[in-house]
2 protein chains.
Amino acid sequence: MTMDKRKKRRLESAGWKVGGTSEFLGLTEEEEAIVELKVGLANAVRDQRSRRSMTQEQLGRLLGSSQSRVAKMEAADPSVSIDLMVRSLLRMGASRKDVASYIAAPRSKRAA
Amino acid sequence: MTMDKRKKRRLESAGWKVGGTSEFLGLTEEEEAIVELKVGLANAVRDQRSRRSMTQEQLGRLLGSSQSRVAKMEAADPSVSIDLMVRSLLRMGASRKDVASYIAAPRSKRAA
DNA sequence: GCTTTTCATGTCACATCTGACATACGCTGG
DNA sequence: CCAGCGTATGTCAGATGTGACATGAAAAGC
């Protein structure tokens with residue numbers, strides 16, 4: 001919920017004229033894409049963490065962050081940036097290409 | 001330059017023990033990956049913009065932002081977040097998959 | 001069952017990012 | 001020359017993201 005005002009402002013200033021609050025079910029196409037993208041990263045974080053069988057607290061420590069922020073990342077909470085998720089993945093040893101594939105994939109590949 | 005303190009703090013709290021200021025030529029592997037990734041997005045923004053033959057000012061307006069911020073994006077300035085670049089690309093009509101490929105590619109594909 | 005561990009959610013002070021502005025630089029046409 | 005356009009770079013007030021803490025609710029282990 002943190003960026004609704006900005007979104008509206010941006011869309012309007014670009015000449016888009018947003019109806020009420022929602023486009024047709026709450027999200028513009030652009031925002032839907034961002035959410036999907038974030039969910040991909042969120043899933044990747046959780047997958048990587050459980051592959052390494054770490055707790056959220058351990059991962060938080062590894063990242064120089066906290067358990068609660070890790071939880072929010074994995075929940076794709078609006079308060080977490082793509083930057084943070086990407087940095088976290090890289091820190092867990094993922095490559096740039098890995099990150100790219102997590103973003104491209106709707107659901108993470110179920111591979112072990 | 002904006003996140004050097006945090007970086008150091010994070011690495012140390014993770015038990016890494018950073019030498020002086022630099023690892024061996026100024027960047028950790030993780031940070032190098034982030035920079036490459038951002039450069040990929042930066043190039044993509046410039047490419048997309050010039051494909052559409054827009055000026056930075058026009059794109060700024062389209063994004064609800066400004067010419068100077070677009071310039072910084074295209075320069076992969078440290079003050080620009082990945083989020084902003086991704087949103088910009090999506091706004092210019094790129095798909096989630098497009099974004100992924102821009103991230104994976106060291107230099108953008110020279111395709112027309 | 002209940003204790004312990006792990007995860008989820010809210011809040012907040014402080015850090016970072018952002019749009020806007022000012023100003024400078026290079027280039028092109030006149 | 002120099003005026004105009006596009007781009008680059010610095011700065012800053014205000015918006016957004018972050019780590020940390022508190023607390024609650026599931027699971028796990030006993």
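Letters go in sequence order (proteins before strands), and every chain restarts at 1. Being a predicted model, the structure only gives us computed values, none of them experimental. What you see below is based on every heavy atom in this structure, not just the backbone, and it leaves out hydrogens, waters and symmetry mates.
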| R61(A) has an atom CZ; how far is it from atom C1' of dT6(C), in whole Å? | 14 Å
| said: Nearest to the T55(A) side chain among dT7(D), dT6(C), dA8(C), which nucleotide is it? | reply: dT6(C)
| Single hit among M73(A), R87(A), Q58(A) for side chain to side chain contact (heavy atoms under 4.5 Å, CB included) with L63(A) | M73(A)
| request: Starting from the 5' end of DNA chain D, give me the residue, R69(A) or K72(B), whose nearest nucleotide shows up first. | output: K72(B)
| Taking atom C1' of dT9(C) as reference, at what distance in whole Å does atom CE of M73(A) sit? | 15 Å
| task | For R46(B) and dG6(D), give me the distance from atom CZ to atom C1', rounded to whole Å. | result | 11 Å
| field | Annotated protein contacts, base or backbone, on nucleotides 22-30 of chain C with a non-hydrogen cut-off under 4.0 Å, one of B, S, - each | value | ---------
| query | Heavy-atom count around Q67(A) CD within 6.0 Å, excluding the residue itself: above 12? | reply | yes
| message | If you assign A71(B) and S81(A) each to the DNA chain D nucleotide with the nearest heavy atom, which residue ends up on the more 5' nucleotide? | response | A71(B)
| said: Looking only at the side chains, is there a donor atom on one of D98(A) and S101(A) sitting less than 3.5 Å from an acceptor on the other? | reply: no
| task | Check whether any side-chain N or O of K97(A) sits under 3.5 Å from a backbone N or O of I103(B) as a donor-acceptor pair, and report yes or no. | result | no
| note | Result for 5'-nearest mapping on DNA chain C, choosing between D83(B) and E57(A), is E57(A)
| message | What is the distance, to the nearest angstrom, from the CG atom on L59(B) to the P atom on dA8(D)? | response | 12 Å
| message | To check you understand the geometry: which heavy-atom pair defines the closest contact between S79(A) and D77(A), and what is its length? | response | N-OD1, 2.7 Å
| message | Taking any heavy-atom pair under 4.0 Å as a contact, classify V80(A): base, sugar-phosphate, or nothing. | response | sugar-phosphate
| Any residue meeting salt bridge (charged side-chain N to carboxylate O under 4.0 Å, His left out) with R46(A), in chain and number order, not counting sequence neighbours | E74(A)
| N or O in side chain of S65(A) less than 4.0 angstrom from dT18(D) OP1/OP2 | no
| query | Rounded to the Å, how far apart are I82(A) CD1 and dT18(C) P? | reply | 11 Å
